[in-house]
Asks: 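Before I ask anything, let me first share the structure, which is written out below as structure tokens.
All heavy atoms count here, side chains included; hydrogens, waters and symmetry mates do not. Chain naming here is simple, since letters A, B, ... match the order of the sequence lines and numbering starts at 1 in each.
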2 protein chains.
Amino acid sequence: MKVSHEVSALRQRFPDLVFEAGCPSRVLLDHVMSKWSPLVLLALAEGGTLRWSELRRRAEGVSEKMLAQTLRTLVDDGLVAREAHPVVPPHVDYALTPLGRELTDLLSPLMVWAFDHAGAILGVEPPPARRD
Amino acid sequence: MKVSHEVSALRQRFPDLVFEAGCPSRVLLDHVMSKWSPLVLLALAEGGTLRWSELRRRAEGVSEKMLAQTLRTLVDDGLVAREAHPVVPPHVDYALTPLGRELTDLLSPLMVWAFDHAGAILGVEPPPARRD
DNA sequence: CAGGATCCCCTAGGATACTG
DNA sequence: CAGTATCCTAGGGGATCCTG
């Protein structure tokens, strides 16, 4: 089976992988898997270069605070590039870096999968037929 | 580019994708991306059938509470199968379901990527490989 | 428009103890 | 061994107001 291959290969290189408590990958994973990161990342993967207000609209439900916070760590991690244009009114563009694109390449299938299975898994499937 | 393809295709089918606030996929994503789920899932992907105590050891740092909680939602979601053997002392086995394996197939590359880039991104050195 | 700065609530999650 | 049951706190995250 495929996965075991990959993981086993990794464990040969680094016996403790992500499983070790102090492993930096856990921190990175926490960044990336935090509530809003996937949404922002995918929005950028789909939309290319986007502005703050666009991102707010796309990631439906983000508060300004969380969007700011999410973007900041994403930028700090080098996954998203921020470009501020010194005009009035302010104009700031966000886009994926190459590294960020690597990530969304992996993240995207996951979200597609989640989207496809969420209904069945969570039992919220739209009732096919009603009889009352 | 690849990602945009996938996401765009999805948006054609379902205009609001994961981006919509009420989308069930968000809930599933939150389950799957919660702090310990990836670790547990990957441990099972690598280890096959594992017992509670094994999982505790592998996902270094989980508290009993969190392991229990994580496993419960994973089982409820049909991603992990739980088999309790009515012996003394108790013996309970956990393993991925086919659905769970689908998920780890997608999760695994992500964690490998995280592991490989964490050091550079966070500005830390990865834990040295141990020769025991 | 793109955020800081604040206040505050809620719960994810840790520590510890107990049980079938 | 494989969990529950409690208690408790840091901080994730929302709402609101403020500013360059």
Asks: Say whether, by atom type as modelled, one donor and one acceptor occur between the side chain of Thr104(A) and the main chain of Leu107(A) under 3.5 angstrom.
Replies: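 Not confirmed, Thr104(A) side chain does not pair with Leu107(A) backbone.
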Asks: Does Arg58(A) reach the main-chain N or O of Val40(A) with its side chain, forming a donor-acceptor pair under 3.5 Å?
Replies: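 Judged by distance alone, no pair lies under 3.5 Å.
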Asks: Among residues 64-92 of chain A, which residues get a heavy atom nearer than 4.0 Å to DNA chain D?
Replies: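 Output list: Glu64(A), Lys65(A), Met66(A), Pro90(A).
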Asks: Taking side-chain contact (heavy atoms from CB on, under 4.5 Å) as the test, write out the residues that go with Ala21(A), two or more places apart.
Replies: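 side-chain contact (heavy atoms from CB on, under 4.5 Å) list for Ala21(A), sorted by chain: Arg26(A), Glu60(B).
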Asks: If you compare all heavy atoms of Thr97(B) against all heavy atoms of Gly78(B), which two are closest, and at what distance to 0.1 Å?
Replies: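 Shortest heavy-atom contact: OG1-O, 2.6 Å.
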Asks: Contact boundaries of DNA chain D with chain B (under 4.0 Å, heavy atoms), 5' to 3'?
Replies: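 Nucleotide range in contact with chain B: dC1(D) to dC7(D).
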Asks: Does Ser37(B) have any side-chain hydrogen bond (donor to acceptor under 3.5 Å, both in side chains) partners at least two apart in sequence or in another chain, and if so, which?
Replies: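 Per chain and number, Ser37(B) pairs via side-chain hydrogen bond (donor to acceptor under 3.5 Å, both in side chains) with Ser34(B).
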Asks: Quantified as the angle between the terminal helix axes (five pairs each), what is the overall bend of the helix from dC1(C)-dG20(D) to dG20(C)-dC1(D) to 10 degrees?
Replies: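 The two end axes of the helix from dC1(C)-dG20(D) to dG20(C)-dC1(D) meet at 50°.
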Asks: Suppose we screen for side-chain hydrogen bond (donor to acceptor under 3.5 Å, both in side chains). Which residues come up paired with Glu102(B), at least two apart in sequence or across chains?
Replies: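 Once residues adjacent in sequence are excluded, the partners of Glu102(B) under the side-chain hydrogen bond (donor to acceptor under 3.5 Å, both in side chains) criterion are Trp113(A), His117(A).
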Asks: Please report the closest heavy-atom contact between Ile121(A) and Leu79(B), naming both atoms and the distance.
Replies: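 Ile121(A) and Leu79(B) have their closest heavy atoms at CD1-CD2, 4.3 Å.
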Asks: With rounding to the nearest 0.5 Å, note down the distance linking OG1 in Thr70(B) to CG in Leu55(B).
Replies: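 Interatomic distance, Thr70(B) OG1 to Leu55(B) CG, rounded to 0.5 Å: 10.0 Å.
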Asks: Holding to salt bridge (charged side-chain N to carboxylate O under 4.0 Å, His left out), I want the full list of residues that pass it with Arg72(B), two or more places apart in sequence or in another chain.
Replies: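 Scan of Arg72(B) (salt bridge (charged side-chain N to carboxylate O under 4.0 Å, His left out), adjacent residues dropped) gives none.
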Asks: What pairs meet the ring-ring contact (aromatic ring centres under 6.0 Å, His included) rule with one or both residues in residues 26-73 of chain B, with sequence neighbours excluded?
Replies: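 Residue pairs with at least one partner in residues 26-73 of chain B: there are none.
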Asks: What side chain to side chain donor-acceptor pair (under 3.5 Å) pairs are there with at least one residue in residues 79-92 of chain B, not counting sequence neighbours?
Replies: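 For residues 79-92 of chain B: Arg51(B)-His91(B), Arg82(B)-Tyr94(B), His85(B)-Asp93(B), His91(B)-Asp93(B).
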Asks: Looking at DNA chain C, which of residues 29-39 of chain B put a heavy atom within less than 4.0 Å of it?
Replies: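 Those residues are Lys35(B), Trp36(B).
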Asks: Got a sec, which residues hit salt bridge (charged side-chain N to carboxylate O under 4.0 Å, His left out) with Arg57(B), two or more places apart in sequence or on another chain?
Replies: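 So Arg57(B) forms no salt bridge (charged side-chain N to carboxylate O under 4.0 Å, His left out) with any residue.
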Asks: Please identify the 5'-most and 3'-most nucleotides of DNA chain C with any atom under 4.0 angstrom from a heavy atom of chain B.
Replies: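 Counting from the 5' end, contacts occupy dG13(C) to dG20(C).
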